[in-house]
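Here's the structure, in structure tokens; my notes come after.
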Amino acid sequence: MNWKLKYNIEFKGLKEGLHEFDFIVDRTFFEQFEGRLVDNGEVKIDVLLEKRSTFIKMHLNVNGWIELVCDRCLENYRQNIANEAELFVKFGEEKFDDDENVIWILPEEHAINLTQPIYEYVSLAIPLRHIHPKNGNGKRGCNPEMLKKIKKYKYSRSEENESTDPRWDALKELRNNN
């Protein structure tokens, strides 16, 4: 059985109105994508589907956690994520690129596959900076040994000014004149 079928919504037999669906994505889901941003996690996607005669509107609510690598200490940590999005499904013989929140499907289709939209909305919930969250006493959960090493090898401008080669000083003067 194709793993993507698990994320199908069969809409042909549904009456017009509101319908609720929910999906859980985990490690096995993320492993299916090449060049993925996430390897592990557990995310629940609640879908509120509004079926109309000419279109379908879906409201997706993404909540859960994913495992990321901390930018500071390079250890894995759990990052809570949340995201909301609206997605429209329109029917037509041709596909149009009028909006990234619109899926075009053929009128004879009977199901919508949400695999790609789910992956994209989870990816959009990832923060730009991957840093351990603060714990109860306000400190981040970074590895203290790694932080000591970073502090030990941290570059500072004062070290640069202490020992400079006179040839570089002449070049710096040229840069300062411009």
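When reading the values below, keep in mind they use all heavy atoms of this one structure, side chains included, and skip hydrogens, waters and symmetry mates. The structure presented is a predicted model; accordingly, all values stated were derived computationally and were not measured.
Note: Lys148 NZ to Tyr153 OH = 14.0 Å, rounded to the nearest 0.5 Å. Rounding to the nearest 0.5 Å gives a distance of 13.5 Å between CD of Glu84 and CG of Leu124. Here CD of Gln79 is found 9.5 Å from CD1 of Ile131. Values are rounded to the nearest 0.5 Å. In this structure, CG in Asn40 is found 8.0 Å from CG in Asp26, a value given to the nearest 0.5 Å. Taking CD from Glu67 and CD from Glu75, the interatomic distance works out to 11.0 Å, rounded to the nearest 0.5 Å. In this structure, the separation between NE2 on His130 and CD1 on Ile66 is 7.0 Å, given to the nearest 0.5 Å.
Using a 4.5 Å heavy-atom threshold, the side chains of Leu49 and Phe21 count as touching. A 4.5 Å side-chain heavy-atom check between Glu93 and Pro107 finds at least one atom pair inside the cut-off. Here the side chains of Phe30 and Val122 are in contact, with some heavy-atom distance below 4.5 Å. For the pair Asn61/Ile45, no side-chain contact is recorded, criterion being any heavy-atom separation below 4.5 Å from C-beta on. Here the side chains of His132 and Cys73 are in contact, with some heavy-atom distance below 4.5 Å. Phe33 is listed as a side-chain neighbour of Gln116, based on a closest heavy-atom distance under 4.5 Å. Taking 4.5 Å as the limit, some side-chain heavy atom of Ile126 sits within range of a side-chain heavy atom of Leu68. By the 4.5 Å heavy-atom criterion applied to side chains, Met58 and Ile112 are counted as neighbours.
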Checklist entry - When you look at Val47 and Leu114, which way does the side chain to side chain contact (heavy atoms under 4.5 Å, CB included) test go after all the steps? => result CA-CA 10 Å; Val47 179; Leu114 294 180; 4.1 Å; yes
Checklist entry - Going through the distances and angles, do Leu60 and Asp46 end up as a side chain to side chain contact (heavy atoms under 4.5 Å, CB included)? => result CA-CA 6 Å; Leu60 284 78; Asp46 295 315; over 6 Å; no
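Placement of Ile9 and Leu18 in two distinct hydrophobic clusters is found when ILVMFWY residues are connected by side-chain heavy-atom separations under 4.5 Å, directly or transitively. Transitive grouping of hydrophobic side chains (ILVMFWY, heavy atoms separated by less than 4.5 Å) brings Ile103 and Phe23 into a common cluster. Residue Ile81 is not grouped with residue Ile24 when hydrophobic side chains (ILVMFWY) are merged at heavy-atom distances under 4.5 angstrom, including chains of intermediate members. A single hydrophobic cluster is not seen to contain both Trp65 and Val25; linkage of ILVMFWY side chains at heavy-atom distances under 4.5 Å, directly or through other members, places them apart. Leu48 and Ile56 are members of different hydrophobic clusters when ILVMFWY side chains are connected at heavy-atom separations under 4.5 Å.
Below 30°, between 30° and 60°, or above 60°: for Phe29 and Tyr119 the angle between ring planes is between 30° and 60°, a tilted geometry.
For the pair Asn113 (side chain) and Lys4 (backbone), a donor-acceptor distance under 3.5 Å is present.
The two residues Phe11 and Glu109 make their nearest non-hydrogen contact at CZ-O, 3.4 Å. For the residue pair Leu87 and Val102, the shortest heavy atom distance occurs at CD1-N, 4.4 Å. Across His110 and Glu10, no two heavy atoms sit closer than the pair CD2-OE1, 2.8 Å. Across every non-hydrogen atom of Tyr77 and Pro133, the tightest pair is CD1-CD, 3.5 Å. Taking every heavy atom of both residues into account, Asn76 and Val69 meet most closely at OD1-CG2, 3.2 Å. Smallest separation of non-hydrogen atoms from Arg27 and Asp39: CG-O, 3.6 Å.
Enclosure of atom CZ in Arg52 by more than 12 non-hydrogen atoms of other residues, nucleotides or ligands within 6.0 angstrom is indicated. Residue Glu16 places its CD atom among more than 12 non-hydrogen atoms of other residues, nucleotides or ligands, all under 6.0 Å distant. Within a 6.0 Å radius of NZ in Lys151, other residues, nucleotides and ligands contribute 12 heavy atoms or fewer. For Lys51, the NZ atom is densely surrounded, since the number of other residues' heavy atoms within 6.0 Å is greater than 12.
For Phe55 and Phe91, the ring centers sit 6.0 Å or farther from each other.
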